*Asks:* 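Quick one: the structure is below, questions incoming.
Chain identifiers are assigned alphabetically (A, B, ...) following the order of the sequence lines, protein sequences preceding nucleic acid strands; residue numbering begins at 1 within each chain. Worth knowing before you read on, the calculation uses all heavy atoms, side chains too, and leaves out hydrogens, waters and symmetry mates. Remember, it's a predicted structure, so these values are computed and weren't measured experimentally.
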2 protein chains.
Amino acid sequence: MGSRLRSSGRNLLEIIYKEENKVILDALHERSYRKRHLLFMPYHKEDLVCIVKTGKLRMYMGLEGKELSLSMLGPGDIFSTHSRAYVEALEDTTILACPVFKFFKAAMERQEFMLPLLMSLGDILTGALSIIERLYFHDIDKRVAAFFYEEALLRGENSTDGMRLHVGLTVDNIAKIVGSSRQTVSSLISAMEKNGIMKKLARGEYLITDMEELRLTALPCAE
Amino acid sequence: MGSRLRSSGRNLLEIIYKEENKVILDALHERSYRKRHLLFMPYHKEDLVCIVKTGKLRMYMGLEGKELSLSMLGPGDIFSTHSRAYVEALEDTTILACPVFKFFKAAMERQEFMLPLLMSLGDILTGALSIIERLYFHDIDKRVAAFFYEEALLRGENSTDGMRLHVGLTVDNIAKIVGSSRQTVSSLISAMEKNGIMKKLARGEYLITDMEELRLTALPCAE
DNA sequence: TCACAATCGTCGGCTGGACGACAGAAATAG
DNA sequence: CTATTTCTGTCGTCCAGCCGACGATTGTGA
């Protein structure tokens, strides 16, 4: 998901497991959590930098029952606890955590690590700007279409009757990602089926029957 | 403006002008622009890091006549051109610019600079998350009240009849900052006057007559 | 100083989309 | 396997706030 707050890549994990970058790995401590565990609340008092080792996390903001998913984090992704976001485990997960300043000191000694780290931070900021842009400038029909279009580009599989897409998310989950209500997203998916663009096969499974029409619907939200 | 995309401080300027950090200053090139000049368009082809030396810039996103101000940048603030934002000069401005990787190399040699740089990036990301939160979770009346409340905390001046506040922005400018239309912000200001909370003295000048009521109106948007 | 541009307050119409509700279907847990 | 929980599609009501329009006021530049 290109518009999400995450750095894209396993670079960070590969780098810290190199022998010459041992100082960084030594600064990090493993923590494991079970599925559904709420790892961090907003303004967590420990000011940590964390790297996901295995598993999957969801970072989101919430207020009065309403939620906005900021990102789905996987292995190699980095995040900090000094923010107003919740972090929950979507599956059993292991992270590598370190107090911020200790992390900085270690990172400062390894240029090989520092550059991808900065690039990761840059990616996260780009993702935040993308969320802002979408929420402010684009209506929800564009945002939903863009969501599916981008998912299809990333993980769609061609088949005889169209492009199969295993999203692995419920309609409610998708709604929290695109910043809308479940009911609205549901009816938009229904409309796309009526328009011959996409068909819901089962929970989390879709068939995109007209990729070009989906792209046009998503414009200019997805480009 | 606490919720804006800017790092708060002159640290970066002070640091790069120290003799021992000459390598960083040598990497930066001065560029000057007149008031109203559009410095950078979205996806500017030069991938630059810039630090404001003097003057004032506005960074904003725009689409089809609609704009959202992301931040007001002043001396010591840092930004990059690799983004989907426009950058315009609000007054005559001088910036120090450098290609990203060259900047990184120089910064990597000076730990004294690197830490405040990372903290600046952290501040910018915090600001982005704050914008997301406000746009998504709070109605416009809260956002407007929060805007004035925070401005008052920063630069309000006590007087006999209340707190004088020189914002220096038109209603239209404020609307672009809080993410709304001029008409809506105007009518909200009018309502606050009717409710005895704040009074508009002149363009960009306000008198806050009930700071506590303003704070309550702004909750939970401003905390 | 004057002409013009920018700013502004106000009104009313319109719309995007949230959301409660409900019945049915699918998945999960014991 | 069964009971329970989660998910879902659909409908209809409601409302936050956008936006065109217009006349008045203020600020700027020559």
*Asks:* Can you check the B:F137 CZ to D:dA16 C1' distance for me, whole Å?
*Replies:*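 Atom-to-atom, B:F137 to D:dA16, this comes out as 17 Å.
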
*Asks:* Classify A:S187 by what it touches in the nucleic acid, base, sugar-phosphate, or nothing, heavy-atom distance under 4.0 Å.
*Replies:*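 No contact.
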
*Asks:* Atom CZ of A:R182 and atom C1' of C:dG17: how far apart are they, to the nearest Å?
*Replies:*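 Those two atoms, CZ and C1', are 14 Å apart.
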
*Asks:* Distance check: side-chain N/O of B:S186 vs OP1/OP2 of C:dG9, anything under 4.0 Å?
*Replies:*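 Yes, because at least one side-chain N or O of B:S186 sits under 4.0 Å from OP1 or OP2 of C:dG9.
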
*Asks:* B:K176 NZ to C:dT7 P: how many Å, rounded?
*Replies:*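 The answer, rounded to whole Å, is 8 Å.
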
*Asks:* Using the ring of A:Y136 (Phe, Tyr or Trp, six-membered ring only), decide whether B:K66 places NZ or CZ under 6.0 Å from its centre and within 45 degrees of its axis.
*Replies:*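 Output yes; distance and angle both within limits.
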
*Asks:* Contact class for A:S190 (heavy atom, under 4.0 Å): base, sugar-phosphate, or nothing?
*Replies:*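 Sugar-phosphate only.
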
*Asks:* Do the side-chain N and O atoms of B:T170 and B:N173 include a donor-acceptor pair separated by under 3.5 angstrom?
*Replies:* yes

*Asks:* How close or far is atom P of C:dA6 from atom CG of B:N173, stated in whole angstroms?
*Replies:*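 Those two atoms, CG and P, are 13 Å apart.
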
*Asks:* Are the side chains of A:P116 and A:I15 in touch, meaning some heavy atoms are under 4.5 Å apart?
*Replies:*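 Contact flag for A:P116/A:I15 side chains = yes.
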
*Asks:* Calculate the interatomic distance between A:L188 atom CG and C:dG16 atom C1'; express it in whole Å.
*Replies:* 11 Å

*Asks:* Using a cut-off of less than 4.0 Å, is there contact between a side-chain N or O of B:K66 and OP1 or OP2 of D:dC19?
*Replies:* no

*Asks:* For the residue pair B:S190 / B:S187, report whether a side-chain donor-acceptor contact shorter than 3.5 Å exists.
*Replies:* no

*Asks:* Check the distance between D:dT5's C1' and A:R203's CZ and give it to me in whole angstrom.
*Replies:*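 It works out to 10 Å between those atoms.
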
*Asks:* It should be established whether B:T184 places a side-chain nitrogen or oxygen under 4.0 Å from OP1 or OP2 of nucleotide D:dG17.
*Replies:* no

*Asks:* Want to settle it: does B:A202 or A:D172 sit nearer the 5' end of DNA chain D, counting the closest nucleotide to each?
*Replies:*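 Whichever sits nearer the 5' end wins; that is A:D172.
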
*Asks:* Among B:R36, B:R58, B:H37, whose side-chain hydrogen bond (donor to acceptor under 3.5 Å, both in side chains) with B:E88 holds?
*Replies:*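 So the option named by the test is B:R58.
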
*Asks:* OP1 or OP2 of C:dA18 sitting under 4.0 Å from any side-chain N/O of A:S180?
*Replies:* yes

*Asks:* Given atom CD of B:Q183 and atom P of D:dG17, what is their separation to the nearest angstrom?
*Replies:*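 So the two atoms are 14 Å apart, to the nearest Å.
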
*Asks:* Quickly work out the A:E193 CD to D:dT8 C1' distance and round it to whole Å.
*Replies:*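 Answer to the nearest Å: 13 Å.
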
